[in-house]
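Chain letters run A, B, ... following the sequence lines, proteins first and then strands; every chain starts at 1.
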2 protein chains.
Amino acid sequence: MKPKIEDVAKVAGVSPTTVSRVLNNRGYIGDKTREKVHKAMEELNYYPNEVARSLFIKKTFLIGLIFPTTSNPFYGQLIFHLENIAASLGYKVLLCNSQGREDKERGYLKMLQRNQVDGIIAGAHNKGIKEYEDPNLPVVGIDRYLSKKIPVVSSDNYQGGEKATQLLINKGCKTIIHINGPISLETPANKRRKAYEEVMKNNQLTPLTYEYDSNDSVFSRLFNENPEVDGIFASDDLIASRVMQEARRRGIDIPTQLKVIGYDGTETTRLLLPELSTVEQPIRDIAVIALEILLKQINNEEDFQSETIIPVRLIESDTTRK
Amino acid sequence: MKPKIEDVAKVAGVSPTTVSRVLNNRGYIGDKTREKVHKAMEELNYYPNEVARSLFIKKTFLIGLIFPTTSNPFYGQLIFHLENIAASLGYKVLLCNSQGREDKERGYLKMLQRNQVDGIIAGAHNKGIKEYEDPNLPVVGIDRYLSKKIPVVSSDNYQGGEKATQLLINKGCKTIIHINGPISLETPANKRRKAYEEVMKNNQLTPLTYEYDSNDSVFSRLFNENPEVDGIFASDDLIASRVMQEARRRGIDIPTQLKVIGYDGTETTRLLLPELSTVEQPIRDIAVIALEILLKQINNEEDFQSETIIPVRLIESDTTRK
DNA sequence: TTTCACATGTCAACCGGTTGACATAAATTA
DNA sequence: TAATTTATGTCAACCGGTTGACATGTGAAA
């Protein structure tokens with residue numbers, strides 16, 4: 001059986017209350033007593049039961065993370081930072097991979113509440129989950145509007161879209177196509193597309209957007225329908241990579257015949273595909289701010305922004321070089 | 001204030017015990033009563049407090065995951081599967097990114113015990129953590145020997161090393177170099193290297209291994225010191241990618257002048273670098289088996305293997321094609 | 001000598017569930 | 001009609017901590 005406070009007290013020859021006092025640094029404790037207690041804890045291999053503690057103090061120091069999947073480089077890196085920063089602040093992290101499925105996200109939301117998490121950070125992609133409407137606990141959304149009451153943190157998607165599109169134009173591209181993942185209007189990521197469209201129009205160019213909804217045929221369709229394409233702005237690096245592969249298959253040289261720019265700039269894509277120009281999201285900063293806002297909510301501080309937008313950085317590489 | 005069983009009971013006009021019975025499906029409950037209770041729970045937006053429940057039943061349905069980082073494609077994908085399968089089995093997952101740091105790993109180990117996790121799955125890379133010596137709770141290691149008592153699950157690293165090396169030999173390579181990450185003797189991953197060395201010797205070739213310990217100069221050193229190199233077996237795809245970049249920089253054509261094969265074959269690398277030949281680890285299978293063994297330990301079943309080795313699959317692509 | 005800050009102890013209530021013991025009453029079944 | 005089975009209630013103990021109230025005994029400062 002696991003030792004409890006009582007056992008520690010017995011071994012140390014003190015009362016349970018004293019042990020608790022040592023554990024929580026409350027009231028007066030003598031140096032020798034403190035030492036005796038610590039020695040006893042070590043001897044018994046005692047670990048205070050956080051479950052019991054949480055029950056009483058009504059706080060678990062747990063944060064739920066709901067994201068589509070850790071397998072994706074962007075979310076993997078974001079989750080890494082979130083966990084890291086949370087840990088440094090004394091919080092633990094319950095991981096939930098919603099896989100873009102609404103039913104899973106709902107299930108996780110319930111689970112997290114039953115487990116009394118102190119707050120939730122969500123970057124999943126389902127819309128219309130009513131549970132978010134009146135969150136009875138602190139929530140922060142990342143790159144996603146969950147409800148009016150829930151603060152959002154995202155990078156400056158509009159600025160990113162502008163920078164990417166403008167770069168292609170500056171490099172002399174005339175037929176620039178945008179390709180993005182499944183569209184949900186509630187996503188700040190759509191601002192990338194809006195920026196693309198506006199920049200195109202401002203330059204007397206016609207915007208043309210394709211949507212990749214896990215139907216691989218878009219890539220070949222895109223080239224078939226636009227043989228004159230000379231610039232592609234993909235809404236993430238993985239899609240950009242697919243585009244590059246299709247171009248290679250068709251013998252189209254990058255960057256001389258076609259210029260490509262992606263989005264995200266994660267460590268992994270930068271390592272595996274350093275030649276790809278991209279718009280780097282400040283992933284760590286997003287994590288820092290999301291947690292900052294979440295903790296303010298948890299601590300009932302009111303002074304947090306309902307929407308935070310962080311600037312992005314253009315990383316120019318071979319795929320857009322002349 | 002969050003509603004509790006008592007509140008639900010009041011609204012439903014029944015006793016707390018009856019509510020608990022409905023919740024746990026114990027004893028006799030009439031249909032109309034069950035309904036009343038459910039209606040009351042919905043009305044109050046009641047979520048049973050798992051913390052209180054855990055305290056009493058002495059089980060949290062929590063599993064701790066300790067891995068270096070979710071940011072790496074291999075771990076990201078592994079953790080994705082682990083969380084997924086755990087969720088399907090009714091378990092939740094506490095995420096710990098140890099970043100390869102011993103102190104962090106120790107801290108996490110303590111944290112997980114304090115939080116009464118039912119078990120731990122660890123794939124971090126520190127050796128000599130005494131806490132693993134007598135684990136007072138179920139642990140499974142992935143690709144890593146933690147202690148004699150802890151079962152390990154890994155893919156067949158020796159076989160993978162053999163397959164990779166043999167492929168290069170079959171393709172006619174004469175000067176084949178192996179490059180791996182930091183070596184720790186306790187890691188099954190070193191079997192990749194051992195296989196490489198033995199296959200080389202069996203073919204009257206001289207093995208030569210480089211070690212990449214986050215000092216980027218190895219890549220250029222490798223080529224400088226071995227201008228005649230025509231085959232490289234990298235111990236993971238990220239390293240393989242670096243090798244390819246260095247080769248490109250030097251104008252060495254892949255695959256005609258140099259053949260390269262990596263290791264891991266994650267979704268992400270396959271998407272971003274489909275041209276790279278690699279040895280695919282059965283990541284999902286590893287996760288399934290690790291959880292199977294962990295649950296057997298949790299449920300005090302004794303019939304699990306202390307070491308499980310799962311076969312790998314060679315994926316041949318452009319970087320080793322003639 | 002009188003205070004009082006320091007050090008520790010005892011005791012009981014509480015956090016929000018679970019569970020077993022026991023009681024009661026209605027509906028079935030023998 | 002008697003014996004069960006079904007349905008529900010009351011009550012109290014328990015899980016392992018935390019905390020406040022209160023008591024007691026030091027030694028040092030006033």
Notebook entry, point to check: Are OP1 or OP2 of C:dA7 and a side-chain N or O of A:Y28 less than 4.0 angstrom apart?
Noted result: no
Checklist line | Sugar-phosphate, base or nothing in reach of A:V51, heavy atoms under 4.0 Å | finding: nothing
Check: Any donor-acceptor pair under 3.5 Å linking the side chain of B:T70 with the backbone of A:G76?
Finding: yes
Checklist line | Under 3.5 Å: donor-acceptor pair, side chain of A:S155, backbone of A:P282 | finding: no
Next item on the list: Could you state the atom-to-atom distance from NZ of A:K32 to C1' of C:dA7 in whole Å?
Entry: 7 Å
Check: Are A:F56 and A:S54 side-chain neighbours, meaning at least one heavy-atom pair lies under 4.5 Å?
Finding: no
Note to self: Main chain of B:Q99, side chain of B:N97: is a donor-acceptor contact present, judged purely on distance under 3.5 Å?
What the structure shows: no
Check: Between B:I29 (CD1) and D:dA7 (C1'), how many Å, whole number?
Finding: 9 Å
Next item on the list: Quick one: do B:E43 and B:K39 satisfy salt bridge (Lys or Arg N to Asp or Glu O under 4.0 Å)? Show the steps, please.
Entry: CA-CA 6 Å; B:E43 191 186 322; B:K39 209 164 292 172; over 6 Å; no
Margin query: Rounded to whole Å, how long is the line connecting atom CG of B:D31 with atom P of D:dT6?
Written below: 13 Å
Next item on the list: Look at the side chain of A:S15 and the backbone N and O of A:A9, then say whether any donor-acceptor pair between them is shorter than 3.5 Å.
Entry: no
Checklist line | Atom-to-atom span, CD of A:E50 to C1' of D:dC15 - whole angstrom | finding: 15 Å
Checklist line | Separation of atom CG in A:L55 from atom C1' in C:dC15, rounded to whole Å | finding: 4 Å
Margin query: Any side-chain N or O of A:K58 below 4.0 angstrom from OP1/OP2 of C:dG16?
Written below: yes
Next item on the list: Using whole Å, report how far CG of B:L44 lies from P of C:dG16.
Entry: 14 Å
Next item on the list: Going 5' to 3' through nucleotides 17-30 of chain D, assign each nucleotide B (protein heavy atom under 4.0 Å from a base atom), S (under 4.0 Å only from sugar-phosphate atoms) or - (no protein heavy atom that close).
Entry: BBBSB---------
